[in-house]
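Here's the structure, in structure tokens; my notes come after.
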Amino acid sequence: MNIAKKITSWLIPVFLIAALLVTMNTFKRTETLTHDEQKKIEQHTTAKHEKAGL
């Protein structure tokens, strides 16, 4: 019984920290654009400049 108590007293904090990290990673906002997003923005701005005659 004492071994089980030691194991659970060690595992519970590990699981809590892991759950916190997963939750934080879920809500993380990226400040940079992905390559595909940057490419789409460049295509749209290029198309607008061509239509405007710039």
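Predicted model, so just to flag it, every value in this text is computed and none were measured.
- Tracing side-chain contacts under 4.5 Å through hydrophobic residues (I, L, V, M, F, W, Y), one never reaches Ile17 starting from Leu11; they form parts of separate clusters.
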Give the C-alpha distance, both sets of side-chain angles, the deciding distance and a yes or no for side-chain contact (heavy atoms from CB on, under 4.5 Å) between Asn25 and Leu21.
CA-CA 6 Å; Asn25 194 29; Leu21 291 174; over 6 Å; no

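- The number of heavy-atom neighbours closer than 6.0 Å to CG of Leu16, taken from other residues, nucleotides and ligands shown, is above 12.
- Between atom NZ of residue Lys40 and atom OG1 of residue Thr34 there is a gap of 8.0 Å, rounded to the nearest 0.5 Å.
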